[in-house]
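The structure that follows is given in the form of structure tokens.
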Number of protein chains: 2
Amino acid sequence: MEDVNLNQQPGEAAVPAATPIPRATLHDEVVGRLRDMIVEGALEPGIRVPERDLCARFGVSRTPLREALKVLASEGLIALLPNRGAQVTALTTADIDEMFPVMGALEALAGELTCARITDEEIAEIRALHYQMVLHYTRRELPEYFHLNQKIHERILEIAGNSTLTRMYAGLAGRVRRARYVANMTQSRWSQAVEEHETILDALAQRDGPRLAHILKMHLQNKCATVKESLEAEANAVSANSNDQI
Amino acid sequence: MEDVNLNQQPGEAAVPAATPIPRATLHDEVVGRLRDMIVEGALEPGIRVPERDLCARFGVSRTPLREALKVLASEGLIALLPNRGAQVTALTTADIDEMFPVMGALEALAGELTCARITDEEIAEIRALHYQMVLHYTRRELPEYFHLNQKIHERILEIAGNSTLTRMYAGLAGRVRRARYVANMTQSRWSQAVEEHETILDALAQRDGPRLAHILKMHLQNKCATVKESLEAEANAVSANSNDQI
DNA sequence: CATGGTCATTTTGAATGCAAAACAAGTTCA
DNA sequence: TGAACTTGTTTTGCATTCAAAATGACCATG
């Protein structure tokens, strides 16, 4: 595991503008990096990771690291067992069953708000994203498809213009992304998803808020089923001792 | 301001079971107490409160206090300005306009879920709470009314049986509570709220999920309007320099 | 009188140090 | 053999310490 010294300032100008600007404080930076590591699965759920190890990895002392752990715990990404350190929370199918309906309700609201505010230009923009996504679908390029898919949902949230809504949704989506990272879709699920996206675009273009809300809610329900199927398939394939967790 | 030493353990058994069990760790305890202080308005929004002061108040060192600040910041209750300390976030009418629709969407979902699961006994329980609340309404006992009102909403969330949903709702409700604390209702708003609660109870008893969802969404919209009215009235009454904040 | 600048003080951000709790390995005893 | 106890080590929770940034007072300059 490569060491990454956060308070590096040797090159200074050598840092390309592309790298996400190191946040003002160390603990903020650590929160971001740890969150990424967790989402990307670099840290196994349920396994104890001593603070010292993480400190060494990030090149910071325990103080900012511990602050970061507290924040991530309040977000639900990790669990803090008193006197026993932190561990990444395992995402069970029960958790998925809880989270997707909430995301569905949030996206439904976003759909309604967005229909009331969206401009013609924004509709055109989403249409472009949509057909780009469809292209990736016809080419069976799953990662690219996922990326565009996510971008469309993000854009709808964004246009809704409710930052509280966006923040809450992002919190859930971040946790779920870990599951969706490993998820594989069946062909029928995939084509179903694309069909639903057609109707999403249509409802958006017609600015039919209630219809879009309903479609999104259903769409999230289907996503939930897809993720769970894939999760269970994986669990069965891997072994019997794996306990529906990722 | 009275000092409250958190790591007290002189009496041990002397602590009555009524006091909320001191949490395992100091920082957890501090998070809880600070949150309460903020919600109850003991800390003015926008005013800088040095860490040392808070430490002295709680009788802890800066380490657990700072950890608590980070957590509350991630919840949105306070803002952390780098190198400039923390301050309670002011709740603007714009924030209220953002939060209530989200709470509405969450409660609507809770309503649907609850209708699908609620037992006869639980309906009876909520009915009891409801009529107790109505009693306080007829007696014009606002604080007691508020308490029962809140309890009914909490109970619906709880029966929905989705802990993620409950947690997200609680996060928003906590922030809004600060506003509702100071909010006064007009008579017409109050009677409207009670009427709406009648329909809530009715939809629950009939287990009509979609109807309950719709009612709750509307109910929250009206609550939003009520809070804003009261907030604006207050702002006008107090002075012109107050900037829609509490 | 206002504006800008220097320096002491305060306050924050992060590192280090210390005590208590958990852990692990060996040891005793049934 | 195996369960319970002991002891040394590790790890966590918190306090303290140190350095950098911000604040504020004072002074100089236009």
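Bear in mind that the values here come from a model prediction, so they are computed numbers and not experimental data. Below, chain A is the first sequence line, B the second, and so on; all start at residue 1.
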Rounded to whole Å, how long is the line connecting atom CG of B:L26 with atom P of C:dA21?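 It works out to 13 Å between those atoms.
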In whole angstroms, the gap separating C1' of C:dG13 from CZ of B:R52 amounts to 15 Å
Would you say B:R66 reaches C:dG13's phosphate, i.e. side-chain N/O to OP1/OP2 under 4.0 Å?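 The answer is yes; a side-chain N or O of B:R66 sits under 4.0 Å from OP1 or OP2.
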How many whole angstroms separate atom NZ of B:K70 from atom P of C:dT12?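 Roughly 10 Å, once rounded to whole Å.
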For this session: Check step by step if salt bridge (Lys or Arg N to Asp or Glu O under 4.0 Å) holds for B:K151 and B:E154.
Result: CA-CA 5 Å; B:K151 202 145 191 172; B:E154 275 171 13; over 6 Å; no
From CG of A:L80 across to P of D:dG13 the rounded distance in Å is 6 Å
- CG/A:L220 to CG/A:L106 distance, rounded to the nearest 0.5 angstrom?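 Separation between the atoms: 9.0 Å.
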A:E51 CD to C:dT16 P, in whole Å, measures 15 Å
Review point. Is there a donor-acceptor contact under 3.5 Å from the side chain of A:S230 to the main chain of A:T226?
Key: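 No, the answer is negative, given that no donor and acceptor are paired below the 3.5 Å cut-off.
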*Starting at atom CG of A:L69, determine the distance to atom C1' of D:dT12, rounded to an integer number of angstrom.*
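Going from CG in A:L69 over to C1' in D:dT12 covers 11 Å.
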- prompt: Which atoms form the tightest heavy-atom contact between A:I159 and A:R117, and what is the distance?
  reply: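 Where A:I159 meets A:R117 most closely, the heavy atoms are O-NE, 3.1 Å.
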From CG of A:L81 across to C1' of C:dA21 the rounded distance in Å is 14 Å
Looking only at side-chain N and O atoms, does A:S163 offer a donor or acceptor that is under 3.5 Å from a partner on B:E98?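 B:E98 vs A:S163: donor-acceptor pair found between side chains.
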Under a 4.0 Å heavy-atom criterion, the protein footprint on nucleotides 16-22 of chain D, written with B, S and -, is BB---SS
Subject >> side-chain contact (heavy atoms from CB on, under 4.5 Å) evaluation trace for B:E67 with B:V30 >> reply: CA-CA 9 Å; B:E67 289 171 353; B:V30 173; over 6 Å; no
Measure CD/A:E67 against P/C:dA14 and give the value in whole Å, please.
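For the pair A:E67 CD and C:dA14 P, the rounded distance is 7 Å.
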